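For reference, the structure is listed below as structure tokens.
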Amino acid sequence: MVLRIRYLLEYAVFRTVVAVVHAMPMWAIDMGATVAAFGIHRLLPRRLTRYDVAAENIRRALGPEADVEQMIGRMWRHLFQTVGEVIHLRHRLSRNNFRSLIRFRNQQQAISALISNRPVILISGHLGNWELAVWIFGLFGFPMGVVARRLDNPFLDRFFLDFRCDTGHDLLDKNGASAEMIERLESNRHLAMLGDQDAGSHGLFVDFLGHPASTFKSIALLALRHQALICVGYAIRLDDEDGPERFEVGCEELIDTALIVDDPVRTVTQAYTSALERIVRRAPEQYFWLH
């Protein structure tokens, strides 16, 4: 009973924030993100914000000359902006107005894969607006089985389930979704997942941002077994000088697993990891350095 009350209170606070943010224009959300980022980065104790973890990751990946303070502050601002953008997505982005908000890169490459009568695994990382990176596919009629961990709070979990399913996607629980993933690939349907999580001591170590990183082998094994195409996708926020659009949504690399022969699991894993690295290096302030 106590836990249920706690979940209800968390959900009530969350929905209040959603209502307030939904009523705000994007310029106000950007300003609020700046203020919130300052509070998190400059005012809270660093042990609470995992500052040391982020700082070490940035130095290891970008070198000792990296401006750690600025990068972490911009990362927090990006994360708060992302929350505001996700809240607005369901009501502000449609097929009628997407051109004013989004520009595409390698669009034809991704579309050709999705209509090829072969399964596609869309891989992104904790960079840019990863919710938009998947959501946009459903908007244009390409539903995905989105592999993600369910939230502990059942009320919040239902909210995000409804959001992800709003454009036709199915949510597959990361814990125990193997059978559903295989069934989708066998019927030439598509999956979406994040590919930059730490796989621990049992993972396959490949190079990521200049260092060995433990990476799950399951993505490569699934793709190779079902001869799936892997589309490494992203949605990164653009600077004002880049043009009137707010986001670039693109396919960084399309990997045809049917063509890979030599050491296929390692080759596929390294290929999509290297593609994710290229995206991170283009917009490092939009990467979640707290992993």
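The structure presented is a predicted model; accordingly, all values stated were derived computationally and were not measured.
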Is a side-chain donor or acceptor of [X] paired with a backbone partner of [Y] at a separation under 3.5 angstrom?
| X | Y | answer |
| --- | --- | --- |
| His169 | Met144 | yes |
| Asn97 | Arg92 | yes |
| Ser187 | Arg184 | yes |
| Glu253 | Tyr272 | no |
| His88 | Met24 | yes |
| Thr215 | Val206 | no |
| Thr257 | Ala228 | yes |
| Arg118 | Gln227 | yes |

Non-neighbouring partners of Glu183 that pass side-chain hydrogen bond (donor to acceptor under 3.5 Å, both in side chains), sequence neighbours left out: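 By the side-chain hydrogen bond (donor to acceptor under 3.5 Å, both in side chains) rule, Glu183 matches Arg189.
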Residues in side-chain contact (heavy atoms from CB on, under 4.5 Å) contact with [X], at least two apart in sequence or another chain:
| X | result |
| --- | --- |
| Ala36 | Phe80 |
| Ala12 | none |
| Glu277 | Asp207, Phe208, Leu209, Arg281 |

Sole residue of Leu224, Asp263, Thr273 in side-chain contact (heavy atoms from CB on, under 4.5 Å) with Val268: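 Exactly one candidate clears the test, Leu224.
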Would you call [X] and [Y] a salt bridge, taking side-chain N to carboxylate O under 4.0 Å as the test?
| X | Y | value |
| --- | --- | --- |
| Glu69 | Arg46 | yes |
| Asp157 | Arg150 | yes |
| Glu252 | Arg105 | yes |

Nearest 0.5 Å, please: how far is [atom2] in [Y] from [atom1] in [X]?
| X | Y | atom1 | atom2 | result |
| --- | --- | --- | --- | --- |
| Leu204 | Ser214 | CG | OG | 8.0 Å |
| Asn106 | Ile111 | CG | CD1 | 11.0 Å |
| Arg74 | His78 | CZ | NE2 | 11.0 Å |
| Ile29 | Glu85 | CD1 | CD | 8.0 Å |
| Leu122 | Leu114 | CG | CG | 8.0 Å |
| Ile279 | Glu248 | CD1 | CD | 9.5 Å |

Derivation of the side chain to side chain contact (heavy atoms under 4.5 Å, CB included) call for Gln81 and Gln286: CA-CA 10 Å; Gln81 284 179 296; Gln286 297 185 38; over 6 Å; no
Taking only residues two or more places apart in sequence or in another chain, which ones pass salt bridge (Lys or Arg N to Asp or Glu O under 4.0 Å) with [X]?
| X | result |
| --- | --- |
| Arg60 | none |
| Arg15 | none |
| Glu131 | Arg164 |
| Asp30 | Arg246 |

Donor-acceptor side-chain pairing of Tyr11 and Arg158 below 3.5 angstrom: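 The criterion, which ignores hydrogens and geometry beyond distance, is not satisfied for Arg158 and Tyr11.
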Side-chain heavy atoms of [X] within contact of [Y], under 4.5 Å:
| X | Y | result |
| --- | --- | --- |
| Leu276 | Val232 | yes |
| Ile255 | Leu229 | no |
| Thr34 | Trp76 | no |
| Val146 | Met193 | no |
| Arg77 | Phe38 | no |
| Leu93 | Ile102 | yes |
| Ile182 | Arg225 | yes |
| Val147 | Met181 | yes |

Do [X] and [Y] share a hydrophobic cluster, counting only Ile, Leu, Val, Met, Phe, Trp and Tyr and linking them when any side-chain heavy atoms are less than 4.5 Å apart?
| X | Y | answer |
| --- | --- | --- |
| Ile230 | Phe216 | no |
| Leu9 | Phe159 | no |
| Val86 | Ile236 | no |

Contact summary for Val68 and Ala55, nearest pair of heavy atoms: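 Distance-wise, the nearest heavy atoms are CG1-CB, 3.6 Å.
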Mutual orientation of the aromatic rings belonging to Phe104 and Phe140 [parallel < 30°, tilted 30-60°, perpendicular > 60°]: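 Rings of Phe104 and Phe140: perpendicular, as their planes differ by over 60°.
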Considering residues at least two apart in sequence or located in another chain, which fulfil the ring-ring contact (aromatic ring centres under 6.0 Å, His included) criterion with [X]?
| X | result |
| --- | --- |
| Trp130 | His126 |
| Phe288 | His291 |
| Phe160 | Phe14 |
| Tyr287 | Trp289 |

Give a yes or no on whether [X] atom [atom1] has more than 12 heavy-atom contacts from other residues, nucleotides or ligands under 6.0 Å away.
| X | atom1 | result |
| --- | --- | --- |
| His202 | NE2 | no |
| Arg99 | CZ | no |
| Met31 | CE | no |

Derivation of the side chain to side chain contact (heavy atoms under 4.5 Å, CB included) call for Val13 and Thr16: CA-CA 5 Å; Val13 171; Thr16 300; 5.7 Å; no
Intermediate values then yes/no, side chain to side chain contact (heavy atoms under 4.5 Å, CB included), Asp152 and Tyr7: CA-CA 9 Å; Asp152 296 331; Tyr7 286 154; 4.0 Å; yes
Working for side chain to side chain contact (heavy atoms under 4.5 Å, CB included), residues His41 and Thr49: CA-CA 7 Å; His41 181 42; Thr49 62; over 6 Å; no
Chi angles and distances behind the side chain to side chain donor-acceptor pair (under 3.5 Å) call for Glu56, Tyr51: CA-CA 9 Å; Glu56 176 63 17; Tyr51 173 91; over 6 Å; no
Face-on cation placement of Arg266 at Phe205 ring, 6.0 Å and 45° thresholds: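 Arg266 over Phe205 ring: no.
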